[in-house]
Amino acid sequence: MRFLVAENEQPYADHLQKMIKKCCPENVKIDHVTTAQEAKAHLDTNYYELCFLGYDLDNPAGGMDVLKSLHNTTALTAFVILSSHANKEAAFDALTLGAMDYIIKDRFTEFELSKCVSYSMYLKLREVGLQKEALHDSLTGLGNKGLFDAQLKQASQRAKRDNEKLGLLVIDVDKFKYVNDKYGHKVGDQLLQQIAERIVGETRSSDVVARIGGDEFAAILIKPKSADHVYAVREKIEKALSATPYNIDGIVIKAGASVGCAVLPDDSEDLDKLFSAADVQMYKHKNTKKVLMGHSRDYLDQVLR
Ligand SMILES: [Mg+2]
């Protein structure tokens with residue numbers, strides 16, 4: 001789970017982060033910012049499940065300004081306003097602006113915070129008509145196709161608005177069917193988990209990695225320096241996935257993946273076309289490997305897919 005804590009009172013921000021870690025001990029990542037401007041920038045380029053926004057963030061009602069400016073662009077993030085004032089009108093305004101809750105800073109316990117996190121996320125998911133399971137892949141913990149599509153749409157809108165590029169990578173594991181048939185699904189599942197870890201290891205925390213199908217992954221490279229940077233990351237991931245064999249409960253498996261990429265707006269501004277361009281390149285790489293190995297096409301179609 002990814003949290004953003006936008007709070008300018010340092011001791012309070014520290015306290016809140018400690019409490020979040022206690023409430024949600026598994027896989028929590030927390031970013032902390034102290035100004036409204038930083039909060040907007042982080043929300044613009046990262047996906048957070050929940051954002052705590054200080055009401056008085058660097059100027060009176062600064063948190064509310066952030067809420068006003070982002071309400072329509074961060075459709076999947078739940079916001080909670082942190083305030084020092086028990087002010088009914090302010091609380092009502094926050095909820096009207098789309099916040100899921102309005103809590104008074106020094107008056108809640110760990111239990112209340114944990115309740116606030118669960119409720120806020122539940123309400124947000126209900127609002128967007130989804131369930132948590134509908135957004136994440138339980139095997140790898142990564143986002144799934146539904147979440148990825150929404151994140152890609154958001155990221156592309158921001159890239160167009162800011163005149164920035166965006167990189168899209170599609171990654172298809174080679175020989176996955178072969179691994180599954182030979183060693184069984186349990187080993188296949190663990191291979192996918194290790195592959196997911198390697199992909200995440202080659203990307204920045206602001207990038208997005210998802211499992212979009214059985215043995216298919218995808219990534220969004222946010223604000224790449226250039227198209228060349230996207231090509232370089234494509235190559236780096238393809239190498240990292242095949243550089244060393246995978247050790248799964250003592251079984252050593254040589255595996256790898258074919259990776260294709262496309263750059264917005266260079267290849268297309270249309271997301272379906274961008275996906276197709278990355279797919280075409282991915283299959284090109286896969287076919288090159290097939291030819292290099294010199295096997296019959298039928299055999300390889302079965303084995304490499
Ligand atoms: Mg495959």
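Indexing begins at 1, ligand by ligand and atom by atom, following the structure's order. We're numbering straight along the sequence, starting at 1.
Around the NZ atom of K29, the shell of radius 6.0 Å holds more than 12 heavy atoms that belong to other residues, nucleotides or ligands.
Geometric assessment of K145 against the ring of F275 yields a positive cation-pi assignment under the 6.0 Å and 45° thresholds.
Side chain of H42 to main chain of E38: a donor-acceptor pair is present (N/O by atom type, distance under 3.5 Å, no hydrogens or angles).
Residue T140 is tested with E197, R211, Q194 for a side-chain contact (heavy atoms from CB on, under 4.5 Å); the sole match is R211.
For the Mg ion (ligand 1), the nearest N, O or S atom contributed by D172 is named OD1. With respect to the Mg ion (ligand 1), D215 has OD2 as its nearest N, O or S atom.
Taking 2.8 Å as the threshold, K177 does not count as a candidate ligand of the Mg ion (ligand 1), since none of its N, O or S atoms lies below it. Checking D174 against the Mg ion (ligand 1), every N/O/S atom stays at or beyond the 2.8 Å cut-off.
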